[in-house]
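The chains referred to below are lettered A, B, ... by the order of the sequence lines, with proteins before strands, and numbering in each begins at 1. This is a predicted model, so every value here is computed, not measured.
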There are 2 protein chains.
Amino acid sequence: MANQFGVRIRQLREQQNLLLRQVAPLLKMDTPMLSKIERGERPVKREQIPVLSEILKADKNELLTLWLADQIYDVVKDEKLANEAMQVAEKTINLKKRNKK
Amino acid sequence: MANQFGVRIRQLREQQNLLLRQVAPLLKMDTPMLSKIERGERPVKREQIPVLSEILKADKNELLTLWLADQIYDVVKDEKLANEAMQVAEKTINLKKRNKK
DNA sequence: GCCGAGTTGTCAACTATTGACAAATATAGA
DNA sequence: TCTATATTTGTCAATAGTTGACAACTCGGC
């Protein structure tokens, strides 16, 4: 599992001198669960990101970007054609974006 | 569900003048299932791609790339930060690639 | 040895996915 | 129009995967 996100929130938590047991309840989970999330052993739910950025006084967009990047990475890691696929996907994204506007 | 892949294999199948009922059994599925796959209503398994490219006489890499692009797109569609996330993910991919070599 | 912080392992409850089938809807030719 | 064939739609039980919760463990420092 990709884990730029987990590494970052651990970093932020330590910067704020917060303990797992202090943060976990705010996310409505127990300490082991948050520990696993920070180490990328368990997935984070999208809707938990704003809560986390609030608690850790971090930029919501930064965390969301890292989280998305992790999801993308999980799809293409181990794939020889990762870069090609990324190009195709990017084209699709920009096409759809244009069509909406 | 993203579906560049499905559209492409339908195109290929029709080019070869093959019917759903001819192709489906080769993939060990029934006709409705393949129909749904082609219309993006059901997911395709990674391991079915080589089989499909064999049947449809298509380039394995082309199909795999489309399939991966669909997976990526599913992750970031509806996300404002799609492009940023793609950039971060791409960086990670290339970093890891370098580390392996 | 004990305590606080974090980690590891397990498991039942829940959720989601799958494959399979029947039935409905095109499509085309006689 | 009737019929045959191709595709699509809808449903559902079985299975697989995920989740949350907890006990037990490790690792430091005191």
Side-chain angles (χ1 to χ4, degrees), chain A residues 1-52 54-58 63-64 67-68 70-79, chain B residues 1-52 54-58 63 67-68 70-78:
Chain A
M1 210 183 185
N3 201 24
Q4 306 201 62
F5 181 85
V7 168
R8 182 70 176 119
I9 63 171
R10 167 147 299 186
Q11 187 184 62
L12 288 164
R13 180 175 61 81
E14 287 172 346
Q15 268 171 27
Q16 308 275 329
N17 279 308
L18 294 168
L19 302 175
L20 287 178
R21 83 176 141 82
Q22 299 178 291
V23 175
L26 303 172
L27 294 160
K28 284 161 191 172
M29 60 178 70
D30 64 3
T31 319
M33 192 84 87
L34 183 53
S35 164
K36 282 167 191 171
I37 284 175
E38 287 187 347
R39 285 171 302 105
E41 211 187 294
R42 286 283 185 120
V44 189
K45 296 216 183 78
R46 218 216 99 122
E47 62 269 26
Q48 296 173 323
I49 298 171
V51 187
L52 262 168
E54 179 83 13
I55 299 168
L56 302 175
K57 300 175 169 56
L63 291 188
L64 184 50
W67 181 83
L68 285 169
D70 280 353
Q71 316 295 304
I72 296 168
Y73 183 73
D74 282 342
V75 168
V76 296
K77 71 176 179 244
D78 311 331
E79 294 287 352
Chain B
M1 209 184 187
N3 201 24
Q4 307 200 59
F5 181 85
V7 168
R8 181 71 176 119
I9 64 170
R10 166 148 300 187
Q11 187 183 61
L12 288 163
R13 180 174 63 80
E14 287 173 346
Q15 268 172 26
Q16 308 275 328
N17 279 308
L18 294 168
L19 301 174
L20 286 178
R21 83 175 142 80
Q22 299 178 292
V23 175
L26 302 173
L27 293 160
K28 286 162 191 172
M29 61 178 69
D30 66 2
T31 318
M33 192 86 85
L34 183 54
S35 165
K36 282 167 192 171
I37 283 176
E38 287 186 347
R39 287 170 302 103
E41 210 187 295
R42 285 283 185 120
V44 190
K45 296 218 183 75
R46 218 218 98 122
E47 62 269 26
Q48 296 173 323
I49 298 170
V51 187
L52 263 168
E54 180 82 14
I55 299 168
L56 302 175
K57 299 177 173 53
L63 292 188
W67 181 83
L68 285 169
D70 280 353
Q71 315 296 306
I72 295 167
Y73 183 73
D74 281 342
V75 168
V76 295
K77 71 175 179 247
D78 309 331

Tell me whether Gln22(B) at atom CD has more than 12 heavy atoms from other residues, nucleotides or ligands lying less than 6.0 Å away. yes
Let me know the distance between [atom1] of [X] and [atom2] of [N], rounded to the nearest Å.
X	N	atom1	atom2	value
Ile37(B)	dT17(C)	CD1	P	15 Å
Leu34(B)	dT18(C)	CG	P	15 Å
Lys28(B)	dA20(C)	NZ	C1'	17 Å
Asp30(A)	dT19(D)	CG	P	14 Å
Asn3(B)	dT8(D)	CG	P	12 Å
Asp74(A)	dG17(D)	CG	P	16 Å

Close side-chain approach of [X] and [Y], heavy atoms under 4.5 Å:
X	Y	result
Glu54(B)	Val51(B)	no
Ile37(B)	Ile9(B)	yes
Leu20(A)	Arg13(A)	yes

Pair Arg8(A)-Gln11(A), side-chain donor/acceptor within less than 3.5 Å: yes
Ion pair present between Arg39(A) and Glu41(A), side-chain N to carboxylate O less than 4.0 angstrom? yes
Are any protein N/O atoms closer than 3.5 Å to N/O atoms in nucleotides 2-9 of chain C? If there are, list each pair with its distance.
from: dA5(C); atom 1: OP1; to: Arg21(A); atom 2: NH2; distance (Å): 2.8
from: dA5(C); atom 1: OP2; to: Arg21(A); atom 2: NE; distance (Å): 2.6
from: dA5(C); atom 1: OP2; to: Arg21(A); atom 2: NH2; distance (Å): 2.1
from: dG6(C); atom 1: OP1; to: Arg13(A); atom 2: NH1; distance (Å): 3.1
from: dG6(C); atom 1: OP2; to: Leu20(A); atom 2: N; distance (Å): 2.9
from: dT7(C); atom 1: OP1; to: Arg10(A); atom 2: NH1; distance (Å): 2.8
from: dT7(C); atom 1: OP2; to: Arg10(A); atom 2: NH2; distance (Å): 2.8
from: dT7(C); atom 1: OP2; to: Ser35(A); atom 2: OG; distance (Å): 2.5
from: dT8(C); atom 1: OP2; to: Arg39(A); atom 2: NH1; distance (Å): 2.6
from: dG9(C); atom 1: O6; to: Lys36(A); atom 2: NZ; distance (Å): 2.6

